[in-house]
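Quick note on labels: first sequence line is chain A, next is B, and so on, each numbered from 1. Keep in mind the model is a prediction, meaning the values are calculated, not measured. Hydrogens, waters and symmetry mates are skipped; everything else that's a heavy atom, side chains included, is used.
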Protein chains: 2
Amino acid sequence: MKNKLNAICQKLQQSEYKVTPQRQVILKTFLEHATEHLSAEEVYNIVKGQHPDIGLATVYRTLDLLAELDILTKINFGDGRTRYEMVQHEAHHHHHMICLGCGRVQEFDADLLESLENLLTRKTGFQITDHQLKFYGYCRECAAKSEDKSGSGDI
Amino acid sequence: MKNKLNAICQKLQQSEYKVTPQRQVILKTFLEHATEHLSAEEVYNIVKGQHPDIGLATVYRTLDLLAELDILTKINFGDGRTRYEMVQHEAHHHHHMICLGCGRVQEFDADLLESLENLLTRKTGFQITDHQLKFYGYCRECAAKSEDKSGSGDI
DNA sequence: CTAAATGCAAAATTTTTGCACCACA
DNA sequence: TGTGGTGCAAAAATTTTGCATTTAG
């Protein structure tokens with residue numbers, strides 16, 4: 001974990017950006033919440049614990065910067081705020097299953113898209129650098145609940 | 001096209017919603033801009049031509065309603081506003097290729113995800129009702145442009 | 001030392017809400 | 001005719017920006 005933080009700080013320095021304590025704390029937050037998809041405000045609240053007088057604007061600016069540097073990715077689950085997660089370059093592509101019942105977001109891995117990407121590039125000339133796949137539906141628990149009601153659709 | 005509008009209006013009536021002129025004009029807008037991905041404000045500006053004293057709030061409320069009824073889908077391309085497009089139940093699932101150079105959004109069809117969905121449901125119990133796949137990269141034109149610069153990465 | 005980064009507060013944007021009035025069914 | 005829908009304006013929520021001050025390199 002420390003390694004990763006250092007690696008990213010080096011990346012910052014090499015890009016002529018300064019490694020400020022604020023930026024470090026924000027990065028640490030993402031490393032320590034690797035499974036979550038934090039919004040700017042959530043990051044802000046977590047970070048205030050370790051760096052009480054940080055400003056929300058700094059959080060926004062840092063998230064923007066880190067996304068620009070391909071250290072974070074923006075994601076949007078449709079809840080009105082932009083969320084961020086660390087890019088895992090080594091790891092397999094992972095995607096999201098968003099439960100329409102309880103709103104929980106599960107992840108799964110899949111590299112099955114690569115052949116599709118190649119096909120698309122051949123057919124359209126579009127050079128793909130990244131993809132994002134989301135499945136919407138109902139998680140096991142919510143699916144079980146709505147079976148009780150044996151309804152034919154929305155409540 | 002008229003058929004489709006009528007079908008949707010019936011769906012509204014059956015759900016005990018009223019078919020107001022505002023709702024009709026908004027629906028017509030989506031039928032006439034089938035290839036675009038309109039935001040609330042864009043819809044509002046288009047619709048004001050035919051119904052000058054419509055309110056932006058009504059547009060938001062109508063888009064919400066239509067999304068709830070599964071007539072529209074919300075999409076988010078990361079430009080800070082929610083966009084909408086008509087759901088095409090008969091048609092194949094289509095997805096988006098978003099150019100990071102010029103921002104244009106192309107579409108493509110693919111049903112290749114179905115086997116993946118089945119696998120996931122078997123493994124996780126997650127009942128999938130919909131999916132969304134986005135490819136990010138560079139369209140043919142932008143890819144050609146950046147080849148000139150023969151750069152090794154970001155500018 | 002100096003350009004970049006920060007904090008604060010104000011502004012800009014997008015979306016939601018309260019309420020009196022209107023109109024579809 | 002009555003309830004759901006609408007317009008307006010105000011509020012809420014999220015994100016961006018200007019500027020004086022601080023700080024990393």
Whole-Å distance between [N] [atom2] and [X] [atom1]?
{"X": "A/Gln22", "N": "C/dC8", "atom1": "CD", "atom2": "C1'", "result": "14 Å"}
{"X": "A/Lys48", "N": "C/dC8", "atom1": "NZ", "atom2": "P", "result": "10 Å"}
{"X": "A/Asn45", "N": "D/dT14", "atom1": "CG", "atom2": "C1'", "result": "14 Å"}
{"X": "B/Leu66", "N": "D/dG5", "atom1": "CG", "atom2": "P", "result": "12 Å"}
{"X": "A/Arg23", "N": "D/dG25", "atom1": "CZ", "atom2": "C1'", "result": "13 Å"}
{"X": "B/Glu68", "N": "D/dG5", "atom1": "CD", "atom2": "P", "result": "13 Å"}
{"X": "A/Gln24", "N": "D/dT23", "atom1": "CD", "atom2": "C1'", "result": "13 Å"}
{"X": "A/Leu65", "N": "C/dT6", "atom1": "CG", "atom2": "P", "result": "9 Å"}

Restricting to pairs with a member in residues 15-26 of chain A, which pass salt bridge (Lys or Arg N to Asp or Glu O under 4.0 Å), not counting sequence neighbours?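 Counting only pairs at least two positions apart or across chains, no salt bridge (Lys or Arg N to Asp or Glu O under 4.0 Å) contact touches residues 15-26 of chain A.
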For A/Glu16, answer base if it contacts any base atom (sugar-phosphate contacts may also be present), sugar-phosphate if it contacts only those atoms, and nothing otherwise; contact means non-hydrogen atoms under 4.0 Å.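 Result for A/Glu16 = nothing.
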Counting just side-chain N and O atoms, does B/Thr82 come under 4.0 Å of either OP1 or OP2 of C/dT14?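 Looking at the OP1 and OP2 atoms of C/dT14, neither is under 4.0 Å from any side-chain N or O of B/Thr82.
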Should A/Arg81 be listed as having a side-chain N or O under 4.0 Å from OP1 or OP2 of D/dA13?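 Looking at the OP1 and OP2 atoms of D/dA13, neither is under 4.0 Å from any side-chain N or O of A/Arg81.
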Summarise how protein sits on nucleotides 16-25 of chain C as a single string, 5' to 3': B when a protein heavy atom is under 4.0 Å from the base, S for sugar-phosphate-only contact, - for no contact. BBB-----BS
Looking at B/Arg83 and B/Glu42, does any basic side-chain N land under 4.0 Å from a carboxylate oxygen?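 Salt bridge: yes.
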So how far is it from A/Thr29 OG1 to A/Glu36 CD, rounded to the nearest 0.5 Å?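 The CD atom of A/Glu36 is 10.5 Å from OG1 of A/Thr29, to the nearest 0.5 Å.
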Residue list, side chain to side chain donor-acceptor pair (under 3.5 Å) with A/Gln106, at least two apart or on another chain: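 A/Gln106 satisfies side chain to side chain donor-acceptor pair (under 3.5 Å) with no other residue.
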Tell me whether the rings of A/His131 and B/Phe135 are parallel (<30°), tilted (30 to 60°) or perpendicular (>60°).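 Perpendicular, since the angle between the ring planes exceeds 60°.
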Cut-off 3.5 Å, side chains only: do A/Glu107 and A/His37 have a donor facing an acceptor?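 Yes, A/His37 and A/Glu107 have a side-chain donor paired with an acceptor closer than 3.5 Å.
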B/Ser39 vs A/Val59, nearer the 5' end of DNA chain C by closest nucleotide: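 Of the two residues, A/Val59 wins.
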Counting the benzene-type ring for Trp, do A/Phe108 and A/His96 have ring centres under 6.0 Å apart?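 When the ring centroids of A/Phe108 and A/His96 are compared, they turn out to be at least 6.0 Å apart.
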